[in-house]
Amino acid sequence: MTSANSRTADHPIEPLFLERWSPRAFTAEEIPVAALATLLEAARWAPSSYNSQPWRLLYARRGTPHWERFLGLLNEFNQSWAKNAAALIVIVSSTTMVPPGADKPVPAYSHSFDAGAAWAQLALQGARSGWYAHAMVGFDHARAASELNVPDGFRVEAAIAIGRKADPSTLPEKLAARELPSDRSKLSEIALEGGFSK
Ligand SMILES: Cc1cc2nc3c(=O)[nH]c(=O)nc-3n(C[C@H](O)[C@H](O)[C@H](O)COP(=O)(O)O)c2cc1C
(Lines give C-alpha, C1' and ligand atoms only; values in the text may rest on other atoms or scores of the structure.)
Protein backbone atom coordinates (compact mmCIF):
# COMPACT_ATOMS: atom_id res chain seq x y z
CA MET A 1 0.00 0.00 0.00
CA THR A 2 1.51 3.35 -1.03
CA SER A 3 0.74 6.91 0.10
CA ALA A 4 0.98 10.47 -1.14
CA ASN A 5 4.65 10.42 -0.06
CA SER A 6 7.41 7.82 -0.51
CA ARG A 7 6.11 5.47 2.19
CA THR A 8 4.74 1.99 1.59
CA ALA A 9 2.95 -0.21 4.11
CA ASP A 10 3.26 -4.00 3.94
CA HIS A 11 -0.36 -4.49 5.03
CA PRO A 12 -3.46 -2.43 4.29
CA ILE A 13 -3.82 0.53 6.67
CA GLU A 14 -5.45 3.94 6.55
CA PRO A 15 -3.28 6.19 4.31
CA LEU A 16 -3.21 8.81 7.09
CA PHE A 17 -0.72 6.68 9.05
CA LEU A 18 1.76 6.97 6.19
CA GLU A 19 0.94 10.61 5.45
CA ARG A 20 1.76 11.77 8.98
CA TRP A 21 5.42 12.56 9.33
CA SER A 22 7.57 15.10 11.16
CA PRO A 23 8.78 17.92 8.91
CA ARG A 24 11.18 20.60 10.11
CA ALA A 25 10.61 23.10 7.29
CA PHE A 26 7.72 25.34 8.33
CA THR A 27 6.34 28.48 6.68
CA ALA A 28 6.27 30.73 9.79
CA GLU A 29 2.63 31.55 9.24
CA GLU A 30 0.32 31.96 12.22
CA ILE A 31 -2.25 29.31 13.08
CA PRO A 32 -5.89 30.35 13.52
CA VAL A 33 -7.22 29.61 17.01
CA ALA A 34 -9.87 27.27 15.55
CA ALA A 35 -7.31 25.26 13.58
CA LEU A 36 -5.20 24.70 16.68
CA ALA A 37 -8.31 23.82 18.67
CA THR A 38 -9.05 21.04 16.16
CA LEU A 39 -5.65 19.46 16.85
CA LEU A 40 -6.03 19.83 20.62
CA GLU A 41 -9.54 18.36 20.40
CA ALA A 42 -8.16 15.26 18.67
CA ALA A 43 -5.72 14.82 21.57
CA ARG A 44 -8.60 15.20 24.01
CA TRP A 45 -10.28 12.06 22.66
CA ALA A 46 -7.32 9.78 23.30
CA PRO A 47 -7.92 6.70 25.43
CA SER A 48 -6.33 6.52 28.89
CA SER A 49 -6.22 4.24 31.89
CA TYR A 50 -9.54 4.54 33.78
CA ASN A 51 -10.26 7.46 31.43
CA SER A 52 -7.99 9.44 33.76
CA GLN A 53 -6.90 11.82 30.93
CA PRO A 54 -3.58 12.62 32.62
CA TRP A 55 -2.32 14.88 29.80
CA ARG A 56 -2.16 18.67 29.90
CA LEU A 57 -1.28 20.56 26.73
CA LEU A 58 0.47 23.85 27.48
CA TYR A 59 0.77 25.91 24.33
CA ALA A 60 1.89 29.14 22.73
CA ARG A 61 0.89 30.50 19.34
CA ARG A 62 3.28 32.46 17.13
CA GLY A 63 2.46 36.15 17.39
CA THR A 64 1.39 36.02 21.04
CA PRO A 65 3.34 37.12 24.15
CA HIS A 66 3.84 33.44 25.13
CA TRP A 67 5.77 32.50 21.99
CA GLU A 68 9.33 33.52 22.96
CA ARG A 69 9.04 31.86 26.38
CA PHE A 70 8.14 28.50 24.81
CA LEU A 71 10.68 28.79 21.98
CA GLY A 72 13.40 29.61 24.52
CA LEU A 73 12.87 26.24 26.21
CA LEU A 74 14.04 24.30 23.14
CA ASN A 75 17.65 23.30 22.66
CA GLU A 76 19.67 25.16 20.04
CA PHE A 77 19.13 22.54 17.33
CA ASN A 78 15.37 22.41 17.76
CA GLN A 79 15.13 26.21 17.94
CA SER A 80 16.97 26.47 14.63
CA TRP A 81 13.99 25.01 12.75
CA ALA A 82 11.07 25.26 15.21
CA LYS A 83 11.42 29.05 15.18
CA ASN A 84 9.31 28.90 12.00
CA ALA A 85 6.52 26.86 13.59
CA ALA A 86 3.04 28.26 14.16
CA ALA A 87 2.49 26.83 17.63
CA LEU A 88 4.54 25.12 20.31
CA ILE A 89 3.08 22.70 22.82
CA VAL A 90 4.61 21.24 25.96
CA ILE A 91 2.75 18.10 26.94
CA VAL A 92 2.87 17.09 30.59
CA SER A 93 1.07 14.29 32.42
CA SER A 94 -0.16 13.72 35.94
CA THR A 95 1.80 10.99 37.71
CA THR A 96 -1.15 10.23 39.99
CA MET A 97 -4.85 9.50 39.45
CA VAL A 98 -7.95 8.92 41.52
CA PRO A 99 -9.32 5.49 40.50
CA PRO A 100 -13.09 5.04 40.28
CA GLY A 101 -14.56 4.63 43.77
CA ALA A 102 -11.40 5.86 45.51
CA ASP A 103 -11.12 9.18 47.29
CA LYS A 104 -7.34 9.57 47.20
CA PRO A 105 -4.89 9.77 44.34
CA VAL A 106 -2.64 6.77 43.71
CA PRO A 107 0.44 6.53 41.47
CA ALA A 108 -0.64 6.22 37.83
CA TYR A 109 1.21 3.41 36.02
CA SER A 110 0.46 4.51 32.47
CA HIS A 111 0.41 8.33 32.53
CA SER A 112 3.23 8.67 29.99
CA PHE A 113 1.75 5.96 27.77
CA ASP A 114 -1.58 7.80 27.85
CA ALA A 115 0.05 11.14 27.03
CA GLY A 116 1.76 9.42 24.09
CA ALA A 117 -1.63 8.39 22.77
CA ALA A 118 -2.79 12.02 22.99
CA TRP A 119 0.28 13.20 21.05
CA ALA A 120 -0.31 10.58 18.35
CA GLN A 121 -3.93 11.63 17.88
CA LEU A 122 -2.92 15.28 17.67
CA ALA A 123 -0.25 14.49 15.09
CA LEU A 124 -2.60 12.40 12.94
CA GLN A 125 -5.26 15.11 13.03
CA GLY A 126 -2.54 17.62 12.15
CA ALA A 127 -1.52 15.66 9.06
CA ARG A 128 -5.15 15.45 8.01
CA SER A 129 -5.62 19.21 8.55
CA GLY A 130 -2.42 20.32 6.83
CA TRP A 131 -0.85 21.46 10.12
CA TYR A 132 2.03 19.07 10.66
CA ALA A 133 3.31 18.23 14.16
CA HIS A 134 6.89 17.43 15.13
CA ALA A 135 7.56 16.08 18.65
CA MET A 136 10.74 17.04 20.49
CA VAL A 137 12.54 15.67 23.50
CA GLY A 138 15.34 18.22 23.02
CA PHE A 139 14.35 20.97 25.40
CA ASP A 140 15.02 22.00 29.00
CA HIS A 141 12.50 19.93 30.94
CA ALA A 142 13.29 21.48 34.32
CA ARG A 143 13.01 25.02 32.97
CA ALA A 144 9.76 24.09 31.22
CA ALA A 145 8.35 22.93 34.56
CA SER A 146 9.29 26.16 36.30
CA GLU A 147 8.59 28.68 33.51
CA LEU A 148 5.22 27.10 32.65
CA ASN A 149 4.17 26.77 36.32
CA VAL A 150 3.78 23.00 36.09
CA PRO A 151 2.47 21.78 39.47
CA ASP A 152 4.26 19.06 41.47
CA GLY A 153 3.06 15.61 40.46
CA PHE A 154 3.26 16.22 36.71
CA ARG A 155 5.95 14.82 34.42
CA VAL A 156 7.12 16.98 31.52
CA GLU A 157 6.81 14.60 28.57
CA ALA A 158 7.61 16.27 25.26
CA ALA A 159 7.42 19.46 23.25
CA ILE A 160 5.61 19.64 19.91
CA ALA A 161 6.08 22.08 17.05
CA ILE A 162 3.11 22.60 14.72
CA GLY A 163 3.21 24.36 11.39
CA ARG A 164 2.44 24.47 7.71
CA LYS A 165 5.00 22.53 5.68
CA ALA A 166 7.46 24.66 3.73
CA ASP A 167 9.82 23.75 0.92
CA PRO A 168 12.85 21.81 2.27
CA SER A 169 15.13 24.35 0.56
CA THR A 170 14.17 26.84 3.30
CA LEU A 171 16.23 24.73 5.73
CA PRO A 172 20.02 24.71 6.12
CA GLU A 173 21.55 22.24 3.61
CA LYS A 174 22.21 19.46 6.14
CA LEU A 175 18.64 19.51 7.46
CA ALA A 176 17.13 19.86 3.98
CA ALA A 177 18.75 16.55 3.02
CA ARG A 178 16.96 14.84 5.94
CA GLU A 179 13.55 16.36 5.16
CA LEU A 180 11.87 13.14 4.05
CA PRO A 181 9.35 10.76 5.60
CA SER A 182 11.38 7.97 7.25
CA ASP A 183 10.90 4.21 6.93
CA ARG A 184 10.23 1.69 9.70
CA SER A 185 11.57 -1.59 11.05
CA LYS A 186 10.00 -4.73 9.66
CA LEU A 187 6.73 -5.79 11.29
CA SER A 188 8.33 -9.15 12.17
CA GLU A 189 10.97 -7.31 14.27
CA ILE A 190 8.42 -5.47 16.42
CA ALA A 191 5.43 -7.82 16.63
CA LEU A 192 6.41 -11.06 18.35
CA GLU A 193 3.85 -13.82 18.50
CA GLY A 194 4.10 -15.65 21.83
CA GLY A 195 6.56 -13.13 23.32
CA PHE A 196 10.33 -12.81 22.96
CA SER A 197 12.04 -16.06 22.12
CA LYS A 198 14.50 -17.38 24.75
C1 LIG B 1 8.94 11.80 21.83
C2 LIG B 1 9.67 12.27 20.59
C3 LIG B 1 10.77 13.09 20.71
C4 LIG B 1 11.43 13.58 19.56
N5 LIG B 1 12.45 14.49 19.72
C6 LIG B 1 12.93 15.13 18.62
C7 LIG B 1 13.80 16.24 18.78
O8 LIG B 1 14.16 16.67 19.88
N9 LIG B 1 14.24 16.85 17.64
C10 LIG B 1 13.87 16.44 16.39
O11 LIG B 1 14.30 17.07 15.40
N12 LIG B 1 13.02 15.40 16.21
C13 LIG B 1 12.53 14.74 17.30
N14 LIG B 1 11.60 13.72 17.15
C15 LIG B 1 11.17 13.31 15.81
C16 LIG B 1 11.59 11.86 15.49
O17 LIG B 1 12.94 11.83 15.15
C18 LIG B 1 10.69 11.33 14.37
O19 LIG B 1 9.35 11.26 14.83
C20 LIG B 1 11.13 9.93 13.92
O21 LIG B 1 12.39 9.99 13.30
C22 LIG B 1 10.14 9.29 12.98
O23 LIG B 1 9.91 10.14 11.88
P24 LIG B 1 8.46 10.65 11.45
O25 LIG B 1 7.82 11.28 12.67
O26 LIG B 1 8.71 11.65 10.36
O27 LIG B 1 7.66 9.46 11.01
C28 LIG B 1 10.97 13.19 18.28
C29 LIG B 1 9.86 12.34 18.17
C30 LIG B 1 9.20 11.88 19.29
C31 LIG B 1 7.98 11.02 19.13
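Counting starts at 1 for both ligands and their atoms, following the listed order. Basis for what follows: all heavy atoms, side chains included, without hydrogens, waters or symmetry-related copies. In what follows, residues are counted from 1 in the order of the sequence shown.
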### Message
Using a 3.5 Å cut-off on N or O atoms only, is Gly138 in polar contact with ligand 1?
### Response
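In this structure, Gly138 places an N or O atom under 3.5 Å from an N or O of ligand 1.
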
### Task
Using distance alone, determine whether Trp119 and ligand 1 share an N or O pair under 3.5 Å.
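In fact, backbone or side chain, Trp119 has no N or O that close.
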
### Message
Would you say CZ of Arg143 has more than 12 non-hydrogen atoms from neighbouring residues, nucleotides or ligands within 6.0 angstrom?
### Response
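Count over threshold, so yes.
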
#### Entry: Flag if over 12 foreign heavy atoms under 6.0 Å of CZ, Phe154
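Counting other residues, nucleotides and ligands, CZ of Phe154 exceeds 12 neighbours.
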
Do you see a protein non-hydrogen atom under 4.0 Å from [atom]?
atom: atom 20 (C) of ligand 1; result: no
atom: atom 5 (N) of ligand 1; result: yes
atom: atom 16 (C) of ligand 1; result: no

### Task
Under 4.0 Å, heavy atoms only, figure out whether ligand 1 is touched by the backbone of Arg184, its side chain, both or neither.
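The side chain, only.
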
### Query
Where's the contact between Phe139 and ligand 1, heavy-atom distance under 4.0 Å: side chain, backbone, both or neither?
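It is neither; nothing of Phe139 touches ligand 1.
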
Can you see which heavy atom on [X] is nearest to which on [Y], and at what distance?
X: Tyr132; Y: Lys165; answer: CE1-CE, 3.4 Å
X: Ala118; Y: Ile91; answer: CB-CD1, 4.3 Å
X: Ala82; Y: Leu88; answer: CB-CD2, 4.4 Å
X: Arg178; Y: Phe77; answer: NH1-CZ, 4.4 Å

### Query
Taking atom 13 (C) of ligand 1 as the point of reference, which of Ser182, Pro181, Ala135 owns the nearest heavy atom?
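Comparing heavy atoms across Ser182, Pro181, Ala135, the nearest one to atom 13 (C) of ligand 1 lies in Ala135.
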
### Query
Just going by heavy-atom distances, which of Asn78, Leu180, Asn5 is nearest to atom 9 (N) of ligand 1?
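Nearest heavy atom to atom 9 (N) of ligand 1 lies in Asn78.
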
### Task
Hey, could you give me the CH2/CZ distance between Trp81 and Phe26, rounded to the nearest 0.5 Å?
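Rounded to the nearest 0.5 Å, the CH2-CZ separation comes out at 6.0 Å.
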
### Query
Does a side-chain N-to-carboxylate-O contact under 4.0 Å join Glu41 and Arg44?
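A salt bridge is present here (some side-chain N lies under 4.0 Å from a carboxylate O).
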
### Query
Do Arg164 and Glu29 meet the salt-bridge criterion of a basic N to acidic O distance under 4.0 Å?
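A salt bridge links Glu29 with Arg164.
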
#### Entry: Side-chain heavy-atom pair Trp55, Gln53 within 4.5 angstrom cut-off
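Yes, close enough: below the 4.5 Å cut-off.
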
### Message
Measuring only between side-chain heavy atoms, which start at C-beta, is Ile162 closer than 4.5 Å to Leu36?
### Response
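Yes, close enough: below the 4.5 Å cut-off.
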
Shortest protein heavy-atom distance from [atom], along with the residue and atom involved:
atom: atom 25 (O) of ligand 1; value: Ser22 OG, 2.4 Å
atom: atom 27 (O) of ligand 1; value: Arg7 NH2, 2.6 Å
atom: atom 3 (C) of ligand 1; value: Val137 N, 3.4 Å

Which of the atoms in ligand 1, numbered in the order shown and given with their element, are less than 4.0 Å from a heavy-atom of [X]?
X: Trp21; answer: 26 (O)
X: Phe77; answer: 11 (O)
X: Arg24; answer: 10 (C), 11 (O), 12 (N)

### Query
Heavy-atom contact under 4.0 Å between Glu179 and ligand 1?
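Glu179 does not count as a contact of ligand 1 under the 4.0 Å cut-off.
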
### Query
Of all the heavy atoms in His134, does at least one lie under 4.0 Å from an atom in ligand 1?
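Checking ligand 1 against His134, which is what was asked, there is a heavy-atom contact under 4.0 Å.
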
